[in-house]
Undergrad: 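One structure coming up, written as structure tokens, with questions to follow.
Heavy atoms only: backbone and side chains are in, while hydrogens, waters and symmetry mates are out. Within every chain, numbering begins at 1; the chains are lettered A, B, ... in the order of the sequence lines, protein sequences first and strands thereafter.
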Amino acid sequence: MSFQPPYRLDVDAHVADLVDAYAGLEDGEETDRVVTVAGRVMLLRDQGKLAFATLREGDGSEIQLFALSKVLDGYADFVGLNLGDWVGATGTVVKTRRGELSVKITSFVHLAEARRGFGDKFHGITDTDIRYRQRYADLWANPESAVVLRTRSRIMSLTRRWLEDREFIEVETPVLQHVASGAAATPFTTHHNALDVDLKLRIAPELFLKRLVVGGFERVYEIGRVFRNEGISTRHNPEFTMLELYQAYADYADIMTLVEELVAHLATELHGTTTLPYGDRELDLSTPWRRASMVELIEESIGVRLDVGQPIDEVRAVATEHGVEVEDSWGQGKLILEIYEKTTESSLWGPIFVTDYPEEVSPLSRSHRELPGVTERFEAIVAGRELCNAFSELTDPDVQRARFEDQVRQKDAGDDEAMPLDEDYLRAMEYGLPPTGGLGIGMDRLVMLLTDTPSIRDVVLFPTLRPEQ
RNA sequence: GGGGGUGUAGCUCAGUUGGCAGAGCAGCGGCCUUUUAAGCCGAAGCGCGCGGGUUCGAGCCCCGCCGCCCCCA
């Protein structure tokens, strides 16, 4: 007869709690506390008339099951278990003579067979292809994978709580959009049969969230998946999780404060400190973070002070001198951004707020209150990577229309990632968008930095992969 | 798209100057009253990513392709 597992089981103790509660038992001491625990048998040491098994719960906590043939009903079945099998076990909490906290079991139930093994019981599974494709196996074979991915859940939860404590409300906006705008990226296209229209998967929730600010949601955020049809690397997955928030009556300086406080809060909650290891370096997330403008940082890097107002030939010359492949359609702003990315960005470790991006490359940002040609926009670089993008939002519909039209010109000139014009968003702005600060954070990258993880695939449960075989 | 690394049993890996494919673990059979990656005995399992080529002979050499990892564009 085939294996017939029970339909349910009353589990009355978690391994982690038992480990905490009974750490002080003496070697050989037995309690009369009866517990039922459950998990997978990860190791089994059969001694003949007695056996020891290592039971692991999904959170990684482990306790030994101590089975005596004289005491345990079904002893023969117990020692016949395969590594990886799910069991429930009932018995008393004891510490063995050799000092291992155990449940001395009087009965057990076989809950599921592991027809496939979890790999080498010492080395686990190291083949990345198996780890990413069969995450369900990786989570058991490599407990450190499970720790990172569970920490991700914790980060999402802490972030939501922190924002809600500050009166932000969470919303959900469309993933399927007629116009995929709000970022410079190539969208995925799909088709709706009943309407017979092509739809895009969102590349950012930005424009919908700002519509909500127009609608009176003064502090609003969304944590959701966005999709960008571009390459895959250690820092890019085609679908990733973005936090965007908008705060009415705030500007980009307020948002800088919000970002550094949020990140420092998360670090403190998770690790008890704002000084974290990342790779072979250290990361000091204590506030405040340095603020410096893009042109200042370029000057520090290459010794040349650039300005969007200077003659374009001079900026082109600097770009060419530093190996930037210049296109004729680029103005000073785009050239300066390219020079920054080529010469400066990779040398930044951070945390640092890079501020005052050129208008030409910032179609949704409000112009700087003092400096001509640049916007009140910043990106944070943390651990050498771009973490977020934020600005004082552009609120003037006429200026926004002009910026969109400029983007369309750039698209026509061959820039595939230039932003399309969103007519409905302009209509929304005509109802009045108050002064607003906005932010987008790549949550996957935030998890990477808080878990000291080098690849985005290690913080995404099921990363996008080529189809098998 | 370019460069580097890698692909041998279910898993982790070793395979010397080209000369009948190996180990540990898992799985299977057996022994064992305090194990900790338990130990011991036994049987079984891969024809070496795929396709060509050189050679008496290729896991090792050559060519092409494919997958995975890393770096760069």
Undergrad: Give a yes or no answer on whether the side chain of A/Ser181 reaches the backbone of A/Val179 with a donor-acceptor pair at less than 3.5 Å.
TA: no
Undergrad: Give every residue pair that meets the ring pair (Phe, Tyr, Trp, His ring centres under 6.0 Å) criterion with at least one member in residues 55-90 of chain A, sequence neighbours excluded.
TA: A/Phe52-A/Phe66, A/Phe78-A/Phe108, A/Trp86-A/Trp140
Undergrad: Which residues pass the side-chain hydrogen bond (donor to acceptor under 3.5 Å, both in side chains) test with A/Gln400, sequence neighbours left out?
TA: none
Undergrad: List every contact pair, protein side and nucleotides 46-50 of chain B side both N or O, where the distance is under 3.5 Å.
TA:
none

Undergrad: Under the rule for ring pair (Phe, Tyr, Trp, His ring centres under 6.0 Å), what residues qualify as partners of A/Trp289, not counting sequence neighbours?
TA: A/Phe353
Undergrad: What protein N or O atoms touch nucleotides 3-11 of chain B N or O atoms at under 3.5 angstrom, if any, and at what distances?
TA:
residue : atom : partner  : partner atom : Å
B/rC11  : O2'  : A/Asp120 : N            : 2.8
B/rC11  : O2'  : A/Gly124 : O            : 2.8

Undergrad: Could you check whether A/Thr90 and A/Thr36, counting side-chain N and O atoms only, form a donor-acceptor pair closer than 3.5 Å?
TA: yes
Undergrad: If you check every side-chain atom of A/Leu68, which of B/rU36, B/rU34, B/rU33 has the closest atom?
TA: B/rU33
Undergrad: Taking atom types as they are modelled, is there a donor-acceptor pair under 3.5 Å from the base of B/rU36 to the side chain of A/Glu100?
TA: yes
Undergrad: B/rG52 and B/rA38: how far apart are their C1' atoms, nearest whole angstrom?
TA: 50 Å
Undergrad: Please list every stem that involves RNA chain B, where a stem is a run of 3 or more consecutive Watson-Crick or G-U wobble pairs with both pairing distances under 3.5 Å.
TA: B:1-7 with B:66-72, B:10-13 with B:22-25, B:28-31 with B:39-42, B:49-53 with B:61-65
Undergrad: Tabulate atom names and distances for all N/O pairs under 3.5 angstrom spanning the protein and nucleotides 71-73 of chain B.
TA:
residue : atom : partner  : partner atom : Å
B/rC71  : OP2  : A/Thr234 : OG1          : 3.4

Undergrad: With the threshold set at 4.0 Å, does a side-chain nitrogen-carboxylate oxygen contact exist between A/Glu239 and A/Arg225?
TA: yes
Undergrad: Quick one: which of B/rU36, B/rG67, B/rU34 gets closest to the side chain of A/Asp129?
TA: B/rG67
Undergrad: Should B/rG57 be called syn or anti, with syn set as within 90° of 0?
TA: anti
Undergrad: Below 3.5 Å between N/O atoms, which protein atoms pair up with nucleotides 39-43 of chain B? Just atom names and distances, please.
TA:
none

Undergrad: Are any of the side-chain nitrogens in A/Glu338 or A/Lys334 under 4.0 Å away from the carboxylate oxygens of its partner?
TA: yes
Undergrad: Residues in ring pair (Phe, Tyr, Trp, His ring centres under 6.0 Å) with A/His14, at least two apart?
TA: none
Undergrad: Only counting residues at least two apart or in another chain, list the ones meeting side-chain hydrogen bond (donor to acceptor under 3.5 Å, both in side chains) with A/Ser367.
TA: A/Glu359, A/Arg403
Undergrad: Under 3.5 Å, is there a donor-acceptor pair linking the side chains of A/Thr453 and A/Asp458?
TA: no
Undergrad: On RNA chain B, compare the nucleotides closest to A/Thr128 and A/Ser102; which residue's is nearer the 5' end?
TA: A/Ser102
Undergrad: Going by atom types alone, do A/Gln134 and A/Asp138 pair a side-chain donor with an acceptor below 3.5 Å?
TA: no
Undergrad: With A/Tyr425, which residues qualify under ring pair (Phe, Tyr, Trp, His ring centres under 6.0 Å), at least two apart?
TA: none
Undergrad: Return the residues of residues 75-85 of chain A meeting this criterion: a heavy atom under 4.0 Å from some atom of RNA chain B. Order them by number, or give none.
TA: A/Asn82, A/Leu83
